[in-house]
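The next block holds one structure in the form of structure tokens; read it before the comments.
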Amino acid sequence: ALVMVEDTQSNRDILEGKATEPGEGPVSMTLDIYQNKDELSAEEWAKQDTNWNVGSKRTEVAKAGGVTGVSYMWDGLYAGKSTIVTKGKYAYVFGVTWLTPSDRIVRDADAVLKSVIFAE
């Protein structure tokens, strides 16, 4: 798993367990890579994802690294979007959470998806 958050003192304190006031963790961009031994499609993988159960349960076509997959929105503590692509024996789950849809992190996550390259 790869987790990216904005580099602020407040976020560093939260992640290091040094926060002085109670609160939630920061919004983030994430990449989780899972073995996909059954070679499920991206949509099949999405339907078994925990966030699928709290989401709209509606997928849209998405791409990462030139590989077609699916994305879907969900809402819990934060609003979020998961984009899933499967390639070979792996499933790649790209996630982003935000407080408002206009937050910069949403644009940054889109830029990250467009920059992905899968090595052969």
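Counted within 6.0 Å of CD1 on Ile117, heavy atoms from surrounding residues, nucleotides or ligands total 12 or fewer; the atom is thus considered open. Applying the 6.0 Å contact sphere to CD of Glu16 captures more than 12 heavy atoms from other residues, nucleotides or ligands.
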With side chain to side chain contact (heavy atoms under 4.5 Å, CB included) as the test, would you mind laying out the steps for Val116 and Tyr92 before giving the verdict?
CA-CA 11 Å; Val116 171; Tyr92 302 85; over 6 Å; no
Just do the side chain to side chain contact (heavy atoms under 4.5 Å, CB included) check on Glu39 and Thr86 with the steps written out, would you?
CA-CA 8 Å; Glu39 296 191 33; Thr86 56; over 6 Å; no
The test is side chain to side chain contact (heavy atoms under 4.5 Å, CB included); show your working for Asp38 and Glu44 and say whether it passes.
CA-CA 11 Å; Asp38 295 329; Glu44 290 169 326; over 6 Å; no
List the steps, then state whether side chain to side chain contact (heavy atoms under 4.5 Å, CB included) holds for Asp13 with Thr20.
CA-CA 8 Å; Asp13 289 345; Thr20 57; over 6 Å; no
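Between the CG atom of Asp103 and the OG1 atom of Thr97 there is a distance of 9.5 Å, given to the nearest 0.5 Å. Distance check, rounded to the nearest 0.5 Å: CD1 of Ile105 to OH of Tyr78 gives 10.5 Å.
Checked against side chain to side chain contact (heavy atoms under 4.5 Å, CB included), Gln35 has the following partners two or more places apart in sequence or in another chain: Tyr90.
Proximity of a side-chain donor or acceptor of Asn11 to a complementary backbone N or O of Glu6 within less than 3.5 Å is detected.
Follow the hydrophobic side-chain contacts under 4.5 Å out from Leu77 and you reach Met4 in the same cluster. Met29 and Ile14 end up in different hydrophobic clusters when Ile, Leu, Val, Met, Phe, Trp and Tyr side chains are linked at under 4.5 Å. Hydrophobic clustering places Val27 together with Leu2 (ILVMFWY residues linked when any side-chain heavy atoms are closer than 4.5 Å, directly or through intermediates).
Minimum heavy-atom separation, Ala1 to Asp32: CB-OD1, 3.1 Å. In terms of heavy atoms, Trp74 sits closest to Ser82 at NE1-OG, 3.0 Å. Ser28 and Thr30 get closest at one heavy-atom pair: OG-CG2, 3.7 Å. When every heavy atom of Trp98 is checked against every heavy atom of Lys81, the shortest pair comes out as CZ3-N, 3.6 Å. In terms of heavy atoms, Asn36 sits closest to Ala91 at CB-N, 3.8 Å. For the pair Gly65 and Phe118, the tightest heavy-atom approach, listed with the atom from each and the gap, is O-CD1, 3.7 Å.
With a 4.5 Å cut-off on side-chain heavy atoms, Val93 and Trp45 count as touching. Side-chain atoms of Leu113 and Lys63, non-hydrogen and from C-beta on, never get closer than 4.5 Å to each other.
Apart from Leu15 itself, the hydrophobic cluster it occupies contains Val3, Val5, where clustering links Ile, Leu, Val, Met, Phe, Trp and Tyr at side-chain heavy-atom distances under 4.5 Å.
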